[in-house]
Each structure stands twice: as C-alpha cells, then as structure tokens.
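Sequence positions, counted from 1, serve as the residue numbers for this chain.
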Amino acid sequence: EEGPYPHGSYFYYTRTVKGLPYRIHCRKKNVMGAPGGPEEIVLDINLVGKGRSYCHVGTVEISPDHNVVAYSADYNGAEKYEILLKDLATSKLLPDKVLESGGDVVWGK
C-alpha cells in the first residue's frame with residue numbers, strides 16, 4: 001500500500017485486497033488537507049489483467065485536470081507496452097491508445 005499523497009484536489013493511494021494479485025489505484029477528495037468522502041477507484045489492475053496469463057502495468061499517471069488516467073500495460077512480458085486512457089467520470093477506456101511503447105507516460109500542459 002502506498003500513500004495517501006496529495007495531488008491537486010485529491011489524495012491518491014494504492015491498496016491491495018487479500019487474494020487478488022494486483023494493486024488498486026484509488027483517490028479521495030482533499031477536504032481541508034485530509035482525505036475525505038467516498039473512495040474512487042482510479043485503476044484496478046486486477047481488472048486490467050483479468051483473463052490474461054501475464055499483465056504488468058508500468059506507469060499510471062493522472063491527467064492535469066484529474067479527469068483521465070493514462071497507464072501502460074504489457075500483456076506478454078516483451079516490455080512493449082500499450083498506453084491506454086481511461087475516462088474517470090465514466091470508467092470507460094477512450095479509443096486513443098499507443099502501441100508498442102517503452103511504457104513511459106508524460107502529460108503535456
């Protein structure tokens with residue numbers, strides 16, 4: 001488990017669930033300098049890896065406006081990552097993705 005650490009108007013952290021192999025990236029609103037309100041799941045790596053024999057999520061980066069999470073996923077161990085974008089309001093993947101990348105994600109301004 002990591003965090004929570006403040007970033008913009010949220011506190012971000014990861015947690016695990018006994019019996020599940022991967023971390024869950026979460027956030028809570030920043031309420032007067034402390035985490036408050038309901039937990040929001042930013043990215044559940046258990047769902048990303050579901051049904052796959054191998055899954056490694058490299059980078060997980062929140063967009064500057066905190067509305068999208070970008071993450072890199074390697075599904076076969078070849079270290080050629082897909083970069084995917086998830087809309088945090090709808091929890092749906094966006095159609096844009098980068099194939100066969102090194103796995104690093106950096107948001108522009």
Of all heavy-atom pairs between [X] and [Y], which one has the smallest distance, and what is that distance?
{"X": "Ala70", "Y": "Trp107", "result": "CB-CZ2, 3.6 Å"}
{"X": "Lys29", "Y": "Phe11", "result": "O-CD1, 4.4 Å"}
{"X": "Gly8", "Y": "Asn30", "result": "O-ND2, 3.9 Å"}
{"X": "Asp87", "Y": "Thr90", "result": "OD1-N, 3.2 Å"}
{"X": "Arg15", "Y": "Cys26", "result": "NE-SG, 3.6 Å"}
{"X": "His66", "Y": "Arg27", "result": "O-NH1, 2.9 Å"}

(request) Say whether Ile41 and Val17 are linked into one hydrophobic cluster, either directly or through other cluster members, by side-chain heavy-atom distances under 4.5 angstrom. (result)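 Hydrophobic grouping puts Ile41 with Val17.
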Indicate yes or no: at least one non-hydrogen side-chain atom of Asp104 is less than 4.5 angstrom from one of Tyr81.
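Side-chain contact under 4.5 Å: no.
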For Tyr75, the hydrophobic cluster (side chain heavy atoms closer than 4.5 Å, chained through members) also holds Tyr5, Tyr10, Tyr12, Tyr22, Val42, Leu43, Ile45, Val48, Val57, Val60, Ile62, Val69, Tyr71, Leu84, Leu88, Leu93
Got a second to check how far [X]'s [atom1] is from [Y]'s [atom2], nearest 0.5 Å?
{"X": "Asp44", "Y": "Arg23", "atom1": "CG", "atom2": "CZ", "value": "12.5 Å"}
{"X": "Asn46", "Y": "Thr16", "atom1": "CG", "atom2": "OG1", "value": "9.5 Å"}
{"X": "Asp74", "Y": "Glu100", "atom1": "CG", "atom2": "CD", "value": "11.0 Å"}

Residue set satisfying salt bridge (Lys or Arg N to Asp or Glu O under 4.0 Å) with Glu61, at least two apart, ordered chain then number -> none
Answer yes or no: does atom CD of Glu79 have more than 12 heavy-atom neighbours from other residues, nucleotides or ligands under 6.0 Å? no
Residues passing the side chain to side chain contact (heavy atoms under 4.5 Å, CB included) test with Ser91, sequence neighbours excluded, are Lys86
Donor-acceptor check, side chain of Thr59 to backbone of Gly103, threshold 3.5 angstrom: yes or no?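 Yes, Thr59 side chain to Gly103 backbone: donor-acceptor pair under 3.5 Å.
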